[in-house]
Novice: 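Quick one: the structure is below, questions incoming.
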Amino acid sequence: GQQLNQSPQSMFIQEGEDVSMNCTSSSIFNTWLWYKQDPGEGPVLLIALYKAGELTSNGRLTAQFGITRKDSFLNISASIPSDVGIYFCAGPEDDKIIFGKGTRLHILP
Amino acid sequence: NAGVMQNPRHLVRRRGQEARLRCSPMKGHSHVYWYRQLPEEGLKFMVYLQKENIIDESGMPKERFSAEFPKEGPSILRIQQVVRGDSAAYFCASSLVNNEQFFGPGTRLTVL
C-alpha cells in the first residue's frame, strides 16, 4: 500500500513563529488531507486538497498540493499556544484513509 | 448535532480478557470505519462497515478481532483474549456515502 513520510517528526518553536511541515508519498494521491490531533482526542480535518498545484488557506493555515501529486506542505503562520498537537497528512485509498506518522508541534513558553 | 461518540474512553483489561469498544456514528451516517493508533504512529485502518455489512476488513488481524454494525445500536469492535500488543488508541469514524470521515475521540485500551 501507499506510504506517507512526514517531516520533521517534531518541532519546538516559540509562540509567534511561522511553521512549515511537509509530506511525501511513495505514489500518487488524488486528494491530500491535513488533520490535527489534540492530546487525548481524535483527528480533526483542517484542509482538503483536490487538485495538483492547489493552494488552500484556512485562517492561519495554508496547504499546497504538489504538482507531482506525491507531496504536500502545510504552513502555520504566527503560531499560538493552541496550535500544539500532532499534524497528520493523509490521503484516501479506496474506502480507507492512509495517515503519515505525524509532525508533533511543541510551543516553548 | 452530536459528533461521533465512542465509549468507553479508557479501558483497562488483563491479558486474556475480552475488550468491547463501542461507536455511535454521527446522526444520519451509515458508514463506520475503525482505526488503530499505536504510540508515536499515525492511524492505521482496520475495518469499514455499513449497516449489517462488513465492506472491507483488510486491516483487521485475522484472529481475535471482530467488528459489527447492527441494524440498531452502535458499532462494536471486539477483541478477544487481549494481549499486551493490543494496547493502543482505537478510533471510529463515520461518513455519509463514502464522503468525508469524521472521527470520534477514541478509546484508549491498556492491557496489563
Novice: Say you draw a straight line from CG of A/Leu45 to CZ of B/Phe102; how long is it, rounded to the nearest 0.5 Å?
Specialist: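 With rounding to 0.5 Å, CG (A/Leu45) is 8.0 Å from CZ (B/Phe102).
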Novice: Kindly check if the number of other-residue, nucleotide or ligand heavy atoms within 6.0 Å of CD (B/Glu18) is above 12?
Specialist: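 Yes, enclosed.
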Novice: Are there over 12 heavy-atom neighbours, none belonging to B/Gln80, within less than 6.0 Å of that residue's CD?
Specialist: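 More than 12 within 6.0 Å, yes.
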Novice: So do the side chains of B/Gln37 and A/Phe88 get within less than 4.5 Å of each other, counting heavy atoms only?
Specialist: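 Yes, at least one pair of side-chain atoms sits under 4.5 Å.
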Novice: Other residues, nucleotides and ligands only: do more than 12 of their heavy atoms fall within 6.0 Å of NZ on A/Lys51?
Specialist: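 Count not over threshold, so no.
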Novice: Whether the side chain of B/Tyr35 engages the backbone of A/Ile97 through a donor-acceptor N/O pair (distance < 3.5 Å, no angle test) should be reported.
Specialist: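 It does hold such a pair.
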Novice: Within a radius of less than 6.0 Å around CE of B/Met5, do more than 12 heavy atoms belonging to other residues, nucleotides or ligands occur?
Specialist: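 12 or below, so no.
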Novice: Look at A/Ala48, A/Gly102, A/Gly40 and state which one has the largest set of heavy-atom pairs under 4.5 Å with chain B.
Specialist: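 It is A/Gly40.
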Novice: Should we say atom CZ of A/Arg60 is surrounded by more than 12 heavy atoms from elsewhere, each under 6.0 Å from it?
Specialist: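 Atom CZ in A/Arg60 is crowded, with more than 12 foreign heavy atoms closer than 6.0 Å.
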Novice: Got more than 12 heavy atoms from elsewhere within 6.0 Å of NZ, B/Lys44?
Specialist: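 Yes, enclosed.
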Novice: Please state whether the side chain, the backbone, both or neither of B/Glu40 comes within less than 4.5 Å of a heavy atom of chain A.
Specialist: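 Contact with chain A involves both backbone and side-chain atoms of B/Glu40.
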Novice: Can you tell which of A/Gln6, A/Gln37, A/Glu93, A/Gln9 has the highest number of heavy-atom pairs within less than 4.5 Å of chain B?
Specialist: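 Answer, by heavy-atom pair count under 4.5 Å with chain B: A/Gln37.
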Novice: Side chains of B/Gln101 and A/Pro92: closer than 4.5 Å at any heavy-atom pair?
Specialist: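 The answer is no, as the side chains (C-beta and beyond) never meet within the 4.5 Å cut-off.
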Novice: Is it true that B/Leu38 and A/Leu4 fall in one hydrophobic cluster, defined by side-chain heavy atoms closer than 4.5 Å?
Specialist: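 Result: no, two separate clusters.
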Novice: Distance check, rounded to the nearest 0.5 Å: A/Ile98 atom CD1 versus B/Leu43 atom CG?
Specialist: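 Spacing of CD1 (A/Ile98) from CG (B/Leu43) equals 11.0 Å.
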Novice: Please check if the distance between the ring centroids of B/Phe103 and A/Tyr35 is under 6.0 Å.
Specialist: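 Yes, the ring centres sit under 6.0 Å apart.
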Novice: Write down the atom of B/Glu41, the atom of A/Arg104, and the distance for their closest heavy-atom approach.
Specialist: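 Answer, listing the atom of B/Glu41 first, then A/Arg104: N-NH2, 3.8 Å.
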